[in-house]
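Proteins come first, then strands; the chains are lettered A, B, ... in the order of their sequence lines, and each starts at number 1.
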Number of protein chains: 2
Amino acid sequence: MTNGKRERSQRTRAAILQAARERFAADGFERTTIRAVAADAEIDPSMVMRYFGSKRGLFAAAADFDLALPDLSRVPSDELGAAVVDHFLTRWEGEPTDDSLRVLLASAATNAAAAAQMQEIFRAQLAPVVAAAGPHDPPTAATRAGLVATQMLGLALCRYVLRLSPVVDLDRDAVVHWLGPVIQRYLTEPSG
Amino acid sequence: MTNGKRERSQRTRAAILQAARERFAADGFERTTIRAVAADAEIDPSMVMRYFGSKRGLFAAAADFDLALPDLSRVPSDELGAAVVDHFLTRWEGEPTDDSLRVLLASAATNAAAAAQMQEIFRAQLAPVVAAAGPHDPPTAATRAGLVATQMLGLALCRYVLRLSPVVDLDRDAVVHWLGPVIQRYLTEPSG
DNA sequence: GTCTATAATTCGATAGAC
DNA sequence: GTCTATCGAATTATAGAC
C-alpha cells in the first residue's frame, strides 16, 4: 500500500470513528445504525463493515477510552476531592470534548458488553488511583472507588444525559463546591 | 360487557403491564419487543396493541410511577439525609420490588420521552418535598433537588443497572452510612 | 376479545464488480 | 479501497375472520 493510500485509509477510519462516537453518544447502541454513521462520515456503509467488522466491533472501538486520571498521591490530602471533581469536569467539558463516556453511559443500560466495559474501566483505572491516594482501610479502595463512581456517574447522568435543568445550570465552581467535599469524604473518611 | 369479561380484561392488562415493566427494565425501550412482552404475559402480540395502542403507549404506562416520598417537614432536621436514603432503598428494594425507576433509567439515555418523563418526576415530586423540608435559600430547592438526584440516581445506576460489584456489595446500613450525610448536606447546607 | 395473516419498513451483513 | 445490489431476518402495526 502506498503512503497516500494509507493516509487516506487512516483519515477514513478516523472519520468513521468520530461519527460513530457522536451517534452512539446521542442514540445508544440499538438506535445507532451503521447506515447513519456512514452517512455522517460521508462514506459507504459497507466501508464501516470493512474497517470494523461488525456493529459490535465499531462500538468497542468507539467506547474504548482512558479516564487519564492524575496521580492522586501527589495531591495534598485535603484537596483530593476537589482535584477529582475538577479533573472529571475538564475531561468531560474541555476542548475538544470527548464523547466516549457518554457513549458508554447511553449504551450501558441496555448492552451487556457496554456495562462490562464500564465496570472494567472503573476497576482498572479508578480503583488503583484511589488506592494510591493513600492507605485507609477500611473500607477498601474498591469500595471507595465504587462510592466515587455513584456520585460522578450520577452527575454525568443528570448533567449530560437527562439534562436536568438545575444540574445543567450549575457552573463549574458550583459543581466543585458541592461535590468536592463528597468525593473527599468517600476517599478519606476512615470508618466504614 | 359482563363483569366476568371485565375482570378478565383487567387481569390481562395487568399481566401485560407487569411483563412490560420487567422487559423494559432489563432491556430498555429499543430492545424490548411487543412480541416478547406478549410471550411473557402468555397472550397474543396483537392484544398488546389493543390495550395500549402502540409500543410508546405501553412504555408510557409502564414508566408511570410515584416516588411516594414522605413529608420531610415532619422529619427531625438532622435526620433528613438518612430518611431520604432509607426511603429510596425501601422503594427500590422492598417487597414487592417496583421496577418503574429501572424502566426509566434503562431507557432515558436513548429515549427523549423517557428522559422528559424522568425530568418531570423529579421536578414535580422531589423538588416540592425538598422545598417543604424547610426554607434554606440559597441555593433554591430546585438546585438542592438536582444535587440529590445526582447522588441517588448515580447510586441506582451503579447498583441496579451497571451492577458495579463494590456498590452492589454494600448492605443497606452501609449505603445509609455513606450517602446519608451527603444528602443531608445537599438538603441543608446554607451556602451555595 | 382473541387470533391469523400479512403489509410495510428497516437493518446487519455479504457477494462481487470495478 | 470503494461501490452497487441484495439477502435474510426482525420489527411495528394493521386488517379482518371467528
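Atom P of nucleotide D:dC3 and atom CZ of A:R35 are separated by 15 Å, given to the nearest angstrom. If you take CD1 of A:I16 and P of D:dC3, they are 10 Å apart, rounded to a whole angstrom. Counting to the nearest Å, the C1' atom of D:dG1 and the CZ atom of A:R13 are 15 Å from each other.
Between the axis at the start and the axis at the end of the helix from C:dG1-D:dC18 to C:dC18-D:dG1 there is an angle of 10°, using five pairs per end and rounding to 10 degrees.
Every residue two or more places apart in sequence or in another chain that forms a salt bridge (charged side-chain N to carboxylate O under 4.0 Å, His left out) with A:D40 is listed here: A:R23. Applying the side-chain hydrogen bond (donor to acceptor under 3.5 Å, both in side chains) test to A:D169 and every residue at least two apart in sequence or in another chain returns nothing. Listed by chain and residue number, A:A68, A:Q125 satisfy the side chain to side chain contact (heavy atoms under 4.5 Å, CB included) test with A:D66 (two or more places apart in sequence, or in another chain). Residues passing the side chain to side chain contact (heavy atoms under 4.5 Å, CB included) test with B:A15, sequence neighbours excluded: B:A41. Remark: A:E30 pairs with A:T110, A:N111, B:E30, B:R31 by the side chain to side chain contact (heavy atoms under 4.5 Å, CB included) rule, at least two apart or across chains. Applying the side-chain hydrogen bond (donor to acceptor under 3.5 Å, both in side chains) rule to B:T188 yields no partners; only residues at least two apart in sequence or on another chain are considered.
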Review item, side-chain donor-acceptor pairs of residues 148-155 of chain B, under 3.5 Å, at least two apart:
unit_1, atom_1, unit_2, atom_2, d
B:T150, OG1, A:Q151, NE2, 3.1
B:T150, OG1, B:L147, O, 2.6
B:Q151, OE1, A:Y186, OH, 2.8
B:Q151, NE2, A:T150, OG1, 3.1

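Listed for the B:R21 side chain is no donor-acceptor partner under 3.5 Å among the backbone atoms of B:S100. In this structure, the side chain of B:R185 engages the main chain of A:W178 through a donor-acceptor pair within 3.5 Å. In terms of modelled atom types and a separation under 3.5 Å, the side chain of B:Q184 and the main chain of B:L80 share a donor-acceptor contact. Checking side-chain atoms of B:R91 against main-chain N and O of B:L69 turns up no donor-acceptor pair under 3.5 Å.
The 12-atom threshold is exceeded at CZ of B:R172, counting heavy atoms of other residues, nucleotides or ligands nearer than 6.0 Å.
Only at 4.0 angstrom or more do the heavy atoms of residues 20-32 of chain B sit from any atom of DNA chain C, so none qualifies. Contacts between residues 106-114 of chain A and DNA chain D, counted as heavy-atom distances below 4.0 Å, involve no residue at all. Using a 4.0 Å cutoff on non-hydrogen atoms, the parts of residues 37-63 of chain A near DNA chain C are A:M49, A:S54, A:K55, ordered by number.
Distances were taken from every side-chain heavy atom of A:T12 (C-beta onward) to each of D:dT2, C:dG1, C:dC11; the shortest belongs to D:dT2.
Applying the salt bridge (charged side-chain N to carboxylate O under 4.0 Å, His left out) test to pairs two or more places apart or on separate chains, none has a residue in residues 70-82 of chain A.
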